[in-house]
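Just dropping this structure here.
Below, chains carry the letters A, B, ... as their sequence lines are ordered, and counting in each starts from 1.
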Amino acid sequence: MSIIEVKHLRKEYPNIVPLKDVNAYVDRGEVISIIGPSGTGKSTFLRCLNRLETPTSGQILVDGQDMCAPDVDLDVMRRKMGMVFQSFNLFDHLLVAENIMLGPTKLLGMGKQEAYEQSLELLAQVGLKDKALYYPRELSGGQKQRVAIARGLAMNPDILLFDEPTSALDPTMVSEVLSVMKDLASRGLTMLVVTHEMRFAREASTRVFYMDRGELWEAGPPEQIFEHPQRQETYDFIFRVRSWTWKIDALEFDYPAMEASLHTFCGRQFLGRRIANELQLAIEELTMESLVPVARRQGIANPNITYTVSVAEGGEKAHLEVDASKLSEFGVDFSSEILQDEISSAILRKMLSELSVTKPGVMTCTVG
Amino acid sequence: MNRTRLKTPFIALIALAVLFAIGWGSVPKAVAESADEATKTEDTSTYEFQTVDELFGKSLGMISGGAFDTILFSNYDGFEQKDFSYYNSYAEIIQALKTNKIDAMITDLPVAQLAVSRNTGIGILPEKLVEDHYGFVLAKDSPYTAMFNERIAAYREDGTIAELYKKWTSTDDTNKTLPEQDWDTSKGTLSVAVGADSEPMAYQIGETPSGMTVDLLCHIFRDLGYGMETKSLASGSLIAEVQSGKADVATSCFSITEERKKMVDMTEPFYDGGIVAVVRDTAAVAEQEQGFFEGLAASFERTFITEGRWQLILSGLIVTLLISVISGVAGLALGFLFVLLRRKRESGLADKLIHLLESLLGGLPVVVVLMVFYYVVFGALTISGVVVAILVFTLIFGASAGSIMWNAVRAIDAGQVEAGRALGFGDSDTFFLVVLPQAARQCVPLLIAQFVSLIKDTSVVGYIAVQDLTRVGDLIRARTMEAFFPLIAIAVIYFVLCRLMAWLLSLWAKKLEPKKEPRAIKGVEL
């Protein structure tokens with residue numbers, strides 16, 4: 001039986017309709033990833049489930065109880081559904097352990113000592129047992145989010161809702177939170193996760209919801225959504241989020257921004273540190289040692305180079321495409337100009353397992 | 001942080017002491033002399049002015065709430081309104097005269113005699129400006145006026161009034177006491193508002209309103225069979241006190257004028273004095289210079305020791321503390337109530353009303369609010385000034401503290417509330433467990449500052465006949481006719497009081513800070 005059923009859910013604001021007509025169900029023990037472009041109602045959908053938002057119309061059944069019924073005791077229903085927020089929302093005036101103890105002691109009547117022991121247990125599960133007596137402000141973002149998860153678990157909920165739990169985190173901290181979430185997923189807790197982490201959606205979910213423009217466009221197992229999407233909108237989105245593009249249109253371009261953006265993308269796609277570093281090295285080598293100096297020598301103010309990185313099938317490798325066709329108009333050729341440079345090619349060749357020049361000035365290779 | 005906070009008061013104290021020393025050096029010393037000695041000095045040739053004509057166009061100082069200006073206008077054509085300055089105490093006028101801010105002080109003969117006896121470098125202009133007659137002030141068409149007139153006439157006749165005048169202007173202060181109220185008071189008790197700074201007619205000895213006119217009133221009341229209840233007020237407030245029915249009789253140096261008679265009843269004169277001008281004596285200015293420390297010691301003695309004035313200061317300090325602390329606590333509670341009401345529905349009716357109250361109280365001078373409450377809102381009630389002051393300051397502090405707390409509550413991130421609600425906490429649980437503790441940390445320093453500011457704001461309660469620290473300072477200045485020392489003494493007491501309060505409260509506020517080492521959780525064995 002479904003633990004959550006959503007029928008014709010609609011949410012209107014004076015100027016915008018974030019949810020038009022959403023129908024969905026979630027079975028007990030399922031892990032649902034909700035993906036889609038920003039600002040398309042994913043968070044609103046999640047927040048309607050525990051009634052942080054009040055739907056305009058429609059029905060939400062949680063454990064058979066209508067969450068919109070006038071006599072529903074929301075405080076009691078919410079105790080069954082933990083929530084983890086994008087901005088953590090830990091109680092800053094309380095110690096980490098106290099954050100976790102607050103619900104059980106005040107709402108479930110648990111003794112303080114017992115609640116404390118439980119908080120230590122939960123902290124151990126998220127790898128933070130030694131931080132019990134810290135204040136939230138003394139923790140990193142990733143640690144805060146893991147505490148927030150422990151706080152949600154302390155109420156022993158049937159359902160855990162995650163509202164973009166890693167969006168506010170540095171790329172380096174994303175994985176520590178995701179690995180905790182994966183662990184929870186494998187333990188049979190019902191989870192709904194609004195996320196931009198495609199690798200997590202793909203590997204940890206039982207089903208993926210693709211939401212766009214206030215509607216649930218497609219729901220299905222990860223293989224369906226990521227490999228064989230049934231709808232064009234899903235396909236376009238999946239392709240878009242699985243690739244990274246950067247264009248250099250000036251000789252004095254912002255290389256640090258480009259590097260940071262690449263790492264963010266790699267982190268989000270779980271490409272791993274090795275692949276990310278190799279991609280960065282390859283791009284840096286090509287750009288700083290070869291393409292830009294060549295353009296400078298030729299007196300080209302706008303080299304117009306486009307880099308595209310996309311995740312290969314299976315998510316273990318990355319494709320890199322470098323489009324320098326503008327330079328090739330000036331006689332720059334990858335085979336002649338770059339690969340003949342001995343230092344560069346030696347490093348590049350080692351890194352790039354398959355390198356091919358598809359047309360003048362355009363090169364592709366696979367990293368990983 | 002803590003060290004610098006402690007340092008600041010010390011630096012300020014040193015700065016005050018330096019200011020004090022500089023100020024002291026420039027002020028001619030007042031010497032305690034008897035009235036008899038003053039009258040001995042008959043050589044008036046060294047006075048800056050000799051005749052009334054010479055004062056035309058000069059700058060003249062007088063007490064506010066008096067009728068001197070009207071009387072001068074009706075007697076002379078040479079004076080103009082622009083030449084008059086009004087002061088709240090004789091000490092200030094004398095100080096202004098001595099420091100050349102004005103050229104003459106216009107006042108009653110008895111006050112002038114006292115002023116000259118207690119100060120060097122000033123004397124009474126040989127030519128009297130106006131003959132003058134003093135009477136008591138009663139409410140318009142008061143039933144007591146005729147009875148008073150009858151008694152005054154009798155006492156003029158039998159020489160009692162002359163005797164009383166002699167008693168209250170003598171050098172022997174030990175005699176200056178009022179008769180015990182041991183007579184039959186079966187007809188009831190009347191309330192008398194006594195001017196606080198018109199020695200010897202009406203002033204304060206210690207905390208008791210005294211003076212020749214009060215003594216005379218005792219005689220009259222005894223004859224009429226009424227009990228007497230006195231309170232001391234600044235001259236400017238006396239007539240309003242009678243008009244609003246808060247007092248039955250007012251006494252001070254009230255000249256009998258047609259203008260006054262239109263608004264209140266005035267009795268027949270019990271004293272025929274006159275209006276005189278006190279001017280600078282150029283010969284005496286340099287005389288009587290005392291050493292710095294002797295002068296300081298003499299001032300200290302006059303301000304604190306004579307007549308047990310330290311008790312007066314202590315009682316003023318207690319009144320100031322009482323009003324501040326009660327208003328502070330009650331205002332905090334009121335402000336919190338405002339927060340709770342506003343939380344129910346943001347921008348609801350309660351919110352609008354509280355906002356209105358805030359802007360109303362924030363947009364009016366404290367002293368105006370205070371007087372409106374005392375004379376208008378509670379005008380018809382017999383209610384002590386202290387109670388009105390506490391009510392008004394509770395409202396004012398409630399409004400400002402409420403707005404500070406409300407802003408702090410609203411500044412707490414909405415995510416905190418969502419996290420509380422999502423855990424399953426109800427609305428008020430979330431407020432008290434999550435929002436309030438965090439908001440408190442934000443607003444406590446502001447509340448402490450606001451409270452210190454409240455202590456300072458209470459210094460205007462003298463306007464409604466409450467004897468707080470500032471008011472007793474004024475009273476002492478009125479008695480010693482010395483502007484400088486009592487003012488600085490009161491300033492130092494205020495400063496120490498405010499810093500002490502701020503320091504005590506900040507000690508307490510530290511408990512709210514989350515930094516506690518070693519860390520512990522109440523009720524849990526770690």
**OP:** Between chain B and each of A/Leu120, A/Leu90, A/Leu133, count heavy-atom pairs under 4.5 Å; write down the option with the most.
**Re:**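 Highest number of heavy-atom pairs under 4.5 Å: A/Leu133.
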Original post:
So, does A/Gln113 use its side chain to make a donor-acceptor pair with the main chain of B/Glu525 at under 3.5 Å?
Top reply: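 Yes, because the side chain of A/Gln113 sits within donor-acceptor range (under 3.5 Å) of the backbone of B/Glu525.
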Subject >> Any residue of residues 413-440 of chain B which, by heavy atoms, sits under 4.5 Å from chain A >> reply: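 Residues in range: B/Asp413, B/Gly415, B/Gln416, B/Glu418, B/Ala419, B/Gly420, B/Arg421, B/Ala422, B/Leu423, B/Gly424, B/Phe425, B/Gly426, B/Leu433, B/Val434, B/Pro437, B/Gln438.
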Original post:
In terms of heavy-atom proximity below 4.5 Å to chain B, should A/Phe85 be classed as side chain, backbone, both, or neither?
Top reply: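 Side chain only.
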Original post:
Most heavy-atom pairs under 4.5 angstrom with chain B, which of A/Lys80, A/Arg47, A/Arg51?
Top reply: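 Looking at each of A/Lys80, A/Arg47, A/Arg51 in turn, A/Arg47 comes out on top.
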Subject >> Among the listed options A/Asn50, A/Val84, A/Leu107, the residue most often paired with chain B at heavy-atom distances under 4.5 Å >> reply: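 It is A/Leu107.
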Subject >> Region of A/Leu52 that comes under 4.5 Å of a non-hydrogen atom in chain B >> reply: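 Contact with chain B is through the side chain of A/Leu52 alone.
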**OP:** Flag the pair A/Tyr135 / B/Arg519 as yes when at least one side-chain heavy-atom distance between them is below 4.5 Å, and no otherwise.
**Re:**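 Of all side-chain heavy-atom pairs linking B/Arg519 with A/Tyr135, at least one is under 4.5 Å.
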Original post:
What part of A/Arg151 lies closer than 4.5 angstrom to a heavy atom of chain B: side chain, backbone, both or neither?
Top reply: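 For A/Arg151, backbone and side chain are both near chain B.
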Subject >> Option in A/Phe88, A/Tyr134, A/Tyr116 with maximal non-hydrogen atom pairs under 4.5 Å from chain B >> reply: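 Top count of heavy-atom pairs under 4.5 Å with chain B: A/Tyr116.
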Original post:
Who among A/Asp73, A/Leu161, A/Leu102 has the most heavy-atom pairs with chain B under 4.5 Å?
Top reply: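 Ranked by heavy-atom pairs under 4.5 Å with chain B, first place is A/Leu102.
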**OP:** Measure across B/Val524 and A/Met101 and return the closest heavy-atom pair with its distance rounded to 0.1 Å.
**Re:**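 Nearest heavy atoms, B/Val524 then A/Met101: CG2-CE, 3.7 Å.
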**OP:** Please list, in residue-number order, every residue in residues 122-130 of chain A that has a heavy atom less than 4.5 Å from any heavy atom of chain B; write 'none' if there are none.
**Re:**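 Against chain B, none of the residues of residues 122-130 of chain A fall inside the cut-off of heavy atoms under 4.5 Å.
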Subject >> A/Leu94, part contacting chain B, at a heavy-atom distance under 4.5 Å >> reply: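 For A/Leu94, neither part sits under 4.5 Å from chain B.
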